[in-house]
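Notes for the one structure printed next.
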Amino acid sequence: MRTARLLLSAAERARMAQLRSPVDRDAFALGQAVLRRCLGDLTGEAPRALRFTRQENGKPELAGAARASGLAFNLSHTAGLVLLAVTGGGPVGTDVERVRRVAAARIAARYFPADEAAAVEARAGREAWDLFFRLWVRKEACVKAWGGRLREGMRTPVCLEDPGPAAVRGPDGREWRVWEPAGVPAPYRAAVALPRDTRPGALKVRRTSVAELLEGRPAAP
């Protein structure tokens, strides 16, 4: 993890130091290092030289010379896995979660639409947790794409049908599609949200190890 921390800015190291758990500090460092390495490959900038600013809704975006690339991105991480989505400028949202024991039926009943809550309640144990997190990552990816609040996003229907991308209508009426990226290993669930008019064939997924990425060998798609 030392290699990851060397890529962070002073502000990022300060944010990392505020985290109490060593696991959380490592996850933060890894996520930011992945972001810097991939965006550095795509923009031609040195990873440590990249600068970021935040939009009014809090979403980070590239600043300085790299801003001219027009790239948009979104990062999510959980214990043991980092998911980064990069587009040529359109909005994008991501989320990844480790499937784990939670009060799935109770939380879904409080925040999800009635049909989704009923579907979670109809299942037990790991099946209930898996469906809960499958719905959750779709919702959070959408919220991060349109820059809204998570609480309002939990009420947004995200479609239970399989397979393929889910069609989602945001609170402002805009339409989105939510993909579950191929190759995400168990016990994780992940989702990527993009504008509805994004062509499915334009979505490319690349999986790589932390060691390969931090050593700079692979190029991001």
Side-chain angles (χ1 to χ4, degrees), residues 1 19-32 34-35 58-59 73-85 92-171 175-194 200 203 205-210:
M1 205 56 64
L19 300 173
R20 295 183 178 181
S21 165
V23 173
D24 289 343
R25 291 195 293 272
D26 285 346
F28 176 85
L30 177 58
Q32 296 305 120
V34 166
L35 178 65
K59 288 184 68 173
F73 61 89
N74 196 241
L75 176 75
S76 181
H77 58 77
T78 188
L81 195 67
V82 174
L83 177 64
L84 172 65
V92 60
T94 65
D95 191 43
V96 60
E97 297 285 347
R98 188 178 189 278
V99 175
R100 57 194 183 276
R101 182 190 298 268
V102 294
R106 178 174 60 81
I107 299 171
R110 182 175 181 181
Y111 296 109
F112 291 4
D115 61 336
E116 295 177 357
V120 173
E121 186 177 19
R123 292 162 171 77
R126 178 157 290 277
E127 287 189 2
W129 307 331
D130 184 69
L131 177 58
F132 172 83
F133 280 108
R134 198 171 144 241
L135 293 167
W136 181 282
V137 296
R138 289 183 176 194
K139 293 171 186 290
E140 187 157 353
C142 285
V143 170
K144 292 171 74 176
W146 65 55
R149 295 182 178 275
L150 183 57
R151 181 179 290 270
E152 78 178 9
M154 291 297 104
R155 292 290 182 190
T156 300
V158 290
C159 186
L160 294 169
E161 286 80 13
D162 271 329
V168 178
R169 185 178 296 274
E175 295 184 337
W176 303 81
R177 290 212 181 266
V178 187
W179 281 267
E180 296 181 11
V184 176
Y188 299 96
R189 281 291 185 176
V192 176
L194 294 161
L203 183 66
V205 178
R206 176 166 294 174
R207 182 178 173 184
T208 186
S209 71
V210 172

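- Of all heavy-atom pairs between Pro181 and Ala190, the closest is CD-O, 3.4 Å.
- Considering all non-hydrogen atoms of both residues, Gly31 and His77 come closest at CA-CD2, 4.4 Å.
- A donor-acceptor pair is defined here as one N or O able to donate and one able to accept, closer than 3.5 Å; such a pair exists between the side chain of Arg100 and the backbone of Arg98.
- Minimum heavy-atom separation, Ala108 to Ala117: O-CB, 3.5 Å.
- Counting heavy atoms from C-beta outward, Ile107 and Met154 have side chains that stay 4.5 Å or more apart.
- Rounding to the nearest 0.5 Å gives a distance of 11.5 Å between CH2 of Trp176 and OG1 of Thr156.
- Distance check: Leu135 CG to Asp130 CG gives 9.5 Å after rounding to the nearest 0.5 Å.
- A distance-only check finds a donor-acceptor pair linking the side chain of Arg25 to the backbone of Leu19 [under 3.5 Å].
- Put simply, the side chain of Arg155 gets close to the backbone of Phe112: a donor and an acceptor are under 3.5 Å apart.
- Glu127 CD: 12 or fewer foreign heavy atoms inside a 6.0 Å radius.
- A donor-acceptor distance shorter than 3.5 angstrom exists from the side chain of Asn74 to the backbone of Thr94, with no hydrogens or angles considered.
- Note: Glu180 CD to Arg138 CZ = 4.5 Å, rounded to the nearest 0.5 Å.
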Evaluate the criterion salt bridge (Lys or Arg N to Asp or Glu O under 4.0 Å) for residue pair Glu116 and Lys139; output intermediate values, then yes/no. CA-CA 12 Å; Glu116 295 177 357; Lys139 293 171 186 290; 2.6 Å; yes
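- One finds the CD atom of Glu97 at 15.5 Å from the CH2 atom of Trp129 (value rounded to the nearest 0.5 Å).
- Across all non-hydrogen atoms, the minimal contact from Phe73 to Leu84 is CB-CD1, 4.3 Å.
- Annotation for Gly170 and Trp146: closest pair CA-CZ3, 3.5 Å, computed over non-hydrogen atoms.
- Taking 4.5 Å as the limit, some side-chain heavy atom of Leu81 sits within range of a side-chain heavy atom of Val184.
- The two residues Ala191 and Val137 have their closest heavy-atom pair at CB-O, 3.6 Å.
- Checked by atom type and distance alone, the side chain of Arg110 never pairs as donor or acceptor with a backbone atom of Arg106 at under 3.5 Å.
- Atom NZ of Lys144 sits about 9.0 Å away from atom NZ of Lys59, to the nearest 0.5 Å.
- A donor-acceptor pair under 3.5 Å is absent between the side-chain atoms of Ser76 and the main chain of Leu83, judged by distance alone.
- Of the candidates Leu150, Val158, Leu131, Leu150 is the only one forming a side chain to side chain contact (heavy atoms under 4.5 Å, CB included) with Trp136.
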